[in-house]
Amino acid sequence: MRLIELATTCAVTVSIAGTSYAALNPEKLKADTIVVADRATCRIVDSAIVAYIAVNDTDPTSIAQLPPYVDGDITRYRIVAGRAAGPGC
């Protein structure tokens, strides 16, 4: 029985230590969040296309027209037949 109790105590201690490290290292969490937030997706680019059409009443002809409508890097995408085309589409 002692071995099981020791193993459980070690597992709980390591878990708490890992959680505490994550909570006490906000700069790393912030940096990871910014990296994820900067990655645009097809859905975001499609939403930017819809916003562009709503404001300008015409379809965008180039991805260069969309940056005012989206936050993040959309340089890997292009517009094909009125929809986003690129990674993950």
Side-chain angles (χ1 to χ4, degrees):
M1 279 305 220
R2 281 283 194 193
L3 189 57
I4 291 174
E5 292 171 358
L6 181 62
T8 302
T9 302
C10 288
V12 170
T13 303
V14 169
S15 175
I16 290 171
T19 303
S20 297
Y21 177 76
L24 297 175
N25 193 359
E27 290 303 315
K28 177 163 178 16
L29 292 174
K30 181 180 176 184
D32 291 346
T33 303
I34 290 171
V35 167
V36 171
D38 282 343
R39 293 183 188 144
T41 63
C42 286
R43 182 172 288 179
I44 291 171
V45 178
D46 280 337
S47 296
I49 291 170
V50 170
Y52 181 90
I53 293 169
V55 170
N56 298 298
D57 201 29
T58 185
D59 292 348
T61 56
S62 168
I63 204 76
Q65 295 170 303
L66 300 181
Y69 303 96
V70 71
D71 288 332
D73 182 18
I74 59 171
T75 57
R76 298 177 300 160
Y77 295 90
R78 61 191 187 289
I79 299 173
V80 176
R83 302 211 49 199
C89 295

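This structure is a prediction, so every number in the text was calculated from the model and none was measured.
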Pairs satisfying salt bridge (Lys or Arg N to Asp or Glu O under 4.0 Å), at least one member in residues 55-68, at least two apart: none

Nearest heavy atoms of Ile44 and Val70, plus distance in Å: CG2-CG2, 2.9 Å

Pair Thr58-Asn56, side-chain donor/acceptor within less than 3.5 Å: no

Spacing of Ser47 atom OG and Leu66 atom CG [to the nearest 0.5 Å]: 11.0 Å

Show the atom names and distances, to 0.1 Å, of all donor-acceptor pairs under 3.5 Å that link a side chain in residues 77-89 to residues at least two apart or in another chain.
| unit_1 | atom_1 | unit_2 | atom_2 | d |
| --- | --- | --- | --- | --- |
| Tyr77 | OH | Ala40 | O | 2.8 |
| Tyr77 | OH | Pro87 | O | 3.4 |
| Arg83 | NH2 | Asp46 | OD2 | 3.3 |

Steps toward side-chain contact (heavy atoms from CB on, under 4.5 Å) verdict (Tyr69, Val50): CA-CA 9 Å; Tyr69 303 96; Val50 170; over 6 Å; no

